[in-house]
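Worksheet: one structure, shown below.
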Amino acid sequence: MDDYKRELLNEKNLKLLKALRLFDDDFFALVFEDNSEGTELLLNIIFNRSDMKVLKVVKQREIKGVEGHSVRLDILAEDSARKIYDIEIQRQDKGNLPLRSRYYSSMIDTTLLKKNEDYNLLVPTYVIFFTERDTFGDGKPLHHYVMKEMESNALLGDERHIMFVNGENKDEGTALGKLVHDFKSSSADNMYYNVLANRVRYFKEEGGKQSMSEIFEEYAKEYAKEYAKEYAKEVSRETAIQTTIESFRDIAMAESEIEERVMKKFNLSREKAKEYMLGKSA
């Protein structure tokens, strides 16, 4: 990579760093990794409690399917009651979230029992999606689903929970509304909860910048892919222009007419068309 592209990439990194929010899954995972205090805050707000204690938090754990689709969880936490929480960020409305949450829940279950262990050892699990959009379009700040009998509405008791936090909740008079606000804020100074603000500030402004390298590496890979695509398009366009000029020359078309046709066909300035005609643009 030449100096210009490296400088451009660094500028993009700085802009990316400034714009990152907790609604960006890689940044979210970084902020909450090993962050029991922040995860306790999040879970206590979601469940409207104040006594939840988190024992362990790990980021982006991959669970491989034996023969099928694997999943990478954003944050996986365990509380003092051994309940398991998978907390996911969903920015785009892609995929069927209810079915995706079902799959995530089932994959987590595969990690909870060893061979021949009793099913009674399965602990309650919660798959919690923070969705940037109002997924269900009803304005509710939170949806909490469990398995129930259709006829009597009685709980099945399988201890599997699926939850969706509405990222379009603007009610900052509630704890959950404040939490959503903080997830959407790119500045630590504008956040309500100091536990989250301090962590965000650390990674954005202080010594934690070094830890951002993983995010930037992923961004660089995506940038490189996009650059490669654009380069391929440009090479293809160059070839098409030269081929068109040669084709017109093969049928003895006047140079002035070739110039006009190339300008029109490829939306070129006269100066640029002349360069191609002289073989100077490559």
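Scope of the values below: all heavy atoms of this structure, side chains included, with no hydrogens, waters or symmetry mates.
Around the CG atom of Asn48, the shell of radius 6.0 Å holds no more than 12 heavy atoms that belong to other residues, nucleotides or ligands.
In this structure, Arg21 pairs ionically with Glu132, as a charged nitrogen and a carboxylate oxygen lie closer than 4.0 Å. Salt bridge Glu259/Arg270: present, at least one basic N to carboxylate O contact under 4.0 Å. Glu275 and Lys272 are joined by a salt bridge, as a carboxylate oxygen and a charged side-chain nitrogen come within less than 4.0 angstrom of each other. Taking the charged nitrogens against the carboxylate oxygens, Glu37 and Arg199 have no contact shorter than 4.0 Å, which rules out a salt bridge. Between Arg201 and Asp189, at least one side-chain N (NZ, or NE/NH1/NH2) sits under 4.0 Å from a carboxylate O, which counts as a salt bridge. Between Arg249 and Glu255 there is a salt bridge, with a side-chain nitrogen of the basic residue lying less than 4.0 Å from a carboxylate oxygen of the acidic one. Using a 4.0 Å cut-off between charged nitrogen and carboxylate oxygen, Glu257 and Arg261 count as a salt-bridge pair. Between Asp109 and Arg102 there is no salt bridge, since no side-chain N of the basic residue sits under 4.0 Å from a carboxylate O of the acidic one.
Judged by distance alone, the side chain of Ser247 and the main-chain N or O of Thr243 form a donor-acceptor pair under 3.5 Å.
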Determine, step by step, whether Asp138 and His143 satisfy the side-chain hydrogen bond (donor to acceptor under 3.5 Å, both in side chains) criterion, reporting the C-alpha distance in whole Å, the side-chain angles of both residues, the deciding distance to 0.1 Å, and the verdict.
-> CA-CA 10 Å; Asp138 57 11; His143 291 81; 2.8 Å; yes
Between Asp171 and Asn169, does a side-chain hydrogen bond (donor to acceptor under 3.5 Å, both in side chains) hold up when you go through it step by step?
-> CA-CA 6 Å; Asp171 185 2; Asn169 175 16; over 6 Å; no
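The distance from the CG atom of Leu43 to the CE atom of Met52 is 4.5 Å, given to the nearest 0.5 Å. Summarising the geometry, atom CG belonging to Leu196 is positioned 7.5 Å from atom CG belonging to Asn35; distances are rounded to the nearest 0.5 Å. Atom CZ in Phe27 sits 12.0 Å away from atom CG in Asp25 (nearest 0.5 Å). Of the inter-residue distances, the one linking Leu41 atom CG with Ser50 atom OG reads 11.5 Å to the nearest 0.5 angstrom. Expressed to the nearest 0.5 Å, how far CE of Met147 lies from CD1 of Ile162 amounts to 9.0 Å. Ile258 contributes atom CD1, which lies 10.5 Å from atom CD of Glu246 (distance to the nearest 0.5 angstrom).
Side chains of Met191 and Leu22 form a contact here, defined as non-hydrogen atoms less than 4.5 Å apart.
Taking the six-membered ring where tryptophan is involved, the planes of Phe129 and Phe164 are essentially parallel, since the angle between them stays under 30° and well short of 60°. Aromatic ring orientation, Phe32 versus Phe183: tilted (interplanar angle from 30° to 60°).
The only member of Tyr104, Tyr85, Tyr126 that meets ring-ring contact (aromatic ring centres under 6.0 Å, His included) when paired with His161 is Tyr126. Exactly one of Asp74, Asp26, Asp24 qualifies for a salt bridge (charged side-chain N to carboxylate O under 4.0 Å, His left out) with Arg91. That residue is Asp24. Tyr192 pairs in a side chain to side chain donor-acceptor pair (under 3.5 Å) with only one of the listed residues (Glu172, His181, Lys178), which is Glu172.
Hydrophobic clustering, with ILVMFWY side chains joined whenever heavy atoms are under 4.5 angstrom apart, keeps Leu99 apart from Ile108. Tyr103 and Leu112 end up in the same hydrophobic cluster when Ile, Leu, Val, Met, Phe, Trp and Tyr side chains are linked at under 4.5 Å.
Residues that satisfy the side chain to side chain contact (heavy atoms under 4.5 Å, CB included) test with Ser256, not counting sequence neighbours, are Ala254.
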